[in-house]
Amino acid sequence: MAQVVIRNIPEEVHLAIRARAKRSGRSVEAEIRKILADAVLPDGGLRLGSLLVGIGRQADVGDSDVDVINGVRDRAPAEPMEFG
C-alpha cells in the first residue's frame, strides 16, 4: 500500500482531525485515510463510468473519436444463435 507524508498541517486542522478521530473511535491516521477515501471515492467506491472516462482521457479519446466509432457501428439488431 502507498504511503504519503503531509507536512505543515495547520495546528487547528490537526486538532480538528484528532477530535473527529476520537469521536469516531479511530486513530488519527485511520481518520485521515477515511477522509481521503470519502473525498475521492463517492459512495465508497469508484464508479465504472468514472473509471472508463479516466481511461478515455488518458488515451486522449475525444468526441470526434466517438463519432467515428458510432459512424461505422452496425446498428442492425443481433440475430439469435441457433443450435442444432
Atom [atom1] of [X]: over 12 foreign heavy atoms under 6.0 Å:
| X | atom1 | value |
| --- | --- | --- |
| D63 | CG | no |
| D67 | CG | yes |
| R18 | CZ | no |

Co-members of the apolar cluster containing V13 [side chain, <4.5 Å]: V4, I6, I9, I17, V28, I32, I35, L36
Point-to-point distance, once rounded to the nearest 0.5 Å, from NZ of K22 to CD of E31: 13.5 Å
Any donor-acceptor N/O pair, D65 side chain to G62 backbone, under 3.5 Å: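 Checking the backbone N and O of G62 against the side chain of D65, a donor-acceptor pair under 3.5 Å is found.
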Nearest heavy atoms of S27 and A21, plus distance in Å: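 Nearest pair, atom of S27 first, then A21: O-CB, 3.6 Å.
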